[in-house]
There are 4 protein chains.
Amino acid sequence: MILPKLILTDIDGVWTDGGMYYDNTGNEFKRYNTSDSAGVLFCKLLEIPVGIITGEKNNIVQNRAKKLGIDILFMGVKNKLQLVEELCLKYNISISEVAYIGDDINDILVLKKVGISGCPANAPSYVKKHCSMILDKEGGSGVFREFVEKMLGEEYLEKALKFYFESLEEFKQ
Amino acid sequence: MILPKLILTDIDGVWTDGGMYYDNTGNEFKRYNTSDSAGVLFCKLLEIPVGIITGEKNNIVQNRAKKLGIDILFMGVKNKLQLVEELCLKYNISISEVAYIGDDINDILVLKKVGISGCPANAPSYVKKHCSMILDKEGGSGVFREFVEKMLGEEYLEKALKFYFESLEEFKQ
Amino acid sequence: MILPKLILTDIDGVWTDGGMYYDNTGNEFKRYNTSDSAGVLFCKLLEIPVGIITGEKNNIVQNRAKKLGIDILFMGVKNKLQLVEELCLKYNISISEVAYIGDDINDILVLKKVGISGCPANAPSYVKKHCSMILDKEGGSGVFREFVEKMLGEEYLEKALKFYFESLEEFKQ
Amino acid sequence: MILPKLILTDIDGVWTDGGMYYDNTGNEFKRYNTSDSAGVLFCKLLEIPVGIITGEKNNIVQNRAKKLGIDILFMGVKNKLQLVEELCLKYNISISEVAYIGDDINDILVLKKVGISGCPANAPSYVKKHCSMILDKEGGSGVFREFVEKMLGEEYLEKALKFYFESLEEFKQ
């Protein structure tokens, strides 16, 4: 498989299991999975940019993106396809060179256009049918990492791991 | 299947997996599933009113209802059947035109009377036996959306999706 | 099965799935299941006292007990068997008339002595072997309710439901 | 199996299911499992030291370690192998006498060197292949306890339980 030039991802239902935790004071929580952070790391080590596009807008996503060092972050997006097309212009790439993972109706138009389209195992059938890659994992259980690892394949995954172990050397005293 | 004229829903055990999160300060949390929000959206697009009836009373439900734009919200309800009958009078519809989904003993009297009665896969057997539609999903995993989609059937679901994609046009610049 | 005269229950791993949520400020959360509250209600309707005995000590358990109207609450208990024996003296009953559900090593001595001893499906084997009733549900998924319903049997469960529906009448206007 | 002289453990994905809960204010939560605390207790009763080594750095881990009485705690560790080797020098033991459980890429170098290497059932295949003990449980469901119990074997587990029950005597009045 040819590596994508840009990997974009939805958040709720992909990086989470769709759970939206609310409390009595109006505060909100999300549960991410630390497993996905290695997926982001592999992309960094191989110099593939990763971006987040979500319909929600809150500090939780912003903080998670910051912690993982993800610079491309768009929140409160209604028309995701239009945004993806703009990003392609900006990065001077074709939409067929983009990989996107999403799980719901606001992802469908993008999934139909990108080169590699992924969704979690528990996405609705009318989302799944537009995806070239239906992952084994459900949302929130590391499905973004699975998406990345499947795109990398054995060869590039080994390369990323090699880079990772080399990077550990610098922490030796 | 004929579309209901009003869709009513319980919250705990349906929109949630029954989990009640408490902390040391008396604050309380609930975990909703973003998947259910599309169920509400489909009803809106097809102009079927949706209402929440719950025995609990707190800001969490109120905030969730507000976020999803659900106007019919009754909290702290002891006798749900009486309330449903009053709503039928108000909306000038028969109780056989109402769809209701619930999972526990305080839902039984309503489930026995409405036209379409649904419950999650993990409801007790003495609730299930009064339901015309036992869903595949458990509470908190998108069972309200499954309930709505099964009532809509393929035809109306496609219609709702069509309306949804048309609505995205207005967000184009 | 003869009804017990007192039903006692552990909390963590029974009313919860063992999850202990901690945050950065030292605050703590537990996830109860609303499903268990009907178990407590059935006992009330049939006038069987319910009590909580836990090794933990915090406001979370206290608030949950208060909300469900459970008066017998002992927290921070190291030697549960000694406490149960004292309760038997106080209530003037034999320990063989007590039902107890617990899931871990601090429950073993009690489980070996009471008349009806229950544990969740996911308890360790060295706890299970001392139990007369190994439930189908895991901790936090309504196993206390299952424990109560199995002890009540069909006859008393129907009686409890009948009392419950009668109690709804008083909420009619 | 010969007992290890030191048991070391990763946290995220082992003591938790990998879930990282974030809220709107920047606060963070983790979900531990009370089941694992008995694993720590068994080690204490048998006088085997237990230590935590994690790449994360926050109060949550610190508070959990304190509650369970774990003195060896290293947070924010980049190069875990170097640290483990330093600990071996300090404790005057060989790395082949160390047991370690971890689930991700930052654990691999340690898992390859220690005498007993464990991982949860849901660890990636490129972590599993370096482990001498692939546990049945997933992260966050008591896999640390399972790791300890399997190392103790029936004989030492019974010994630990005997010590535990003896310790309860001191709480009798």
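- If you measure heavy-atom distances from C/E149 to chain B, the contacts under 4.5 Å come from the side chain alone.
- Looking at C/F42, only its side chain comes within 4.5 Å of chain B, counting heavy atoms on both sides.
- The candidate with the highest count of non-hydrogen atom pairs below 4.5 Å against chain C, out of B/I105, B/D104, B/T16, is B/I105.
- Contacts of C/N63 with chain B are made by side-chain atoms alone, with heavy-atom separations under 4.5 Å and no backbone atom involved.
- Contacts between B/N106 and chain C at a heavy-atom distance below 4.5 Å involve backbone atoms as well as side-chain atoms.
- Shown are C/D103, C/I53, C/I52; of these, the side chain to side chain contact (heavy atoms under 4.5 Å, CB included) with C/D10 is made only by C/D103.
- Both the backbone and the side chain of B/D17 come within less than 4.5 Å of a heavy atom in chain C.
- In this structure, no portion of B/L83 lies under 4.5 Å from any heavy atom of chain C.
- Ion pairing of B/K78 with C/E170 is absent here, as no side-chain N (NZ or NE/NH1/NH2) approaches a carboxylate O to less than 4.0 Å.
- Taking 4.0 Å as the cut-off between side-chain N and carboxylate O, C/D136 and C/K150 count as a salt-bridged pair.
- For C/K66, no part lies near chain B; criterion is any non-hydrogen pair under 4.5 Å.
- C/Y164 touches chain B through its side chain: at least one heavy atom from C-beta onward sits under 4.5 Å away, while N, CA, C and O do not.
- A donor-acceptor contact closer than 3.5 angstrom is absent between the side chains of C/K113 and C/Y100.
- Using a 3.5 Å distance cut-off with no hydrogens or angles, the side chains of B/T25 and B/N27 do not pair a donor with an acceptor.
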- [ ] Begin from the C-alpha positions of C/I60 and B/N24 and carry the test side chain to side chain contact (heavy atoms under 4.5 Å, CB included) through to its verdict.
- [x] CA-CA 5 Å; C/I60 310 174; B/N24 265 325; 3.5 Å; yes

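- Ring geometry, C/F29 versus C/Y21: the interplanar angle exceeds 60°, so the pair is classed perpendicular (tilted spans 30 to 60°).
- B/E85 does not touch chain C: none of its heavy atoms, backbone or side chain, sits under 4.5 Å away.
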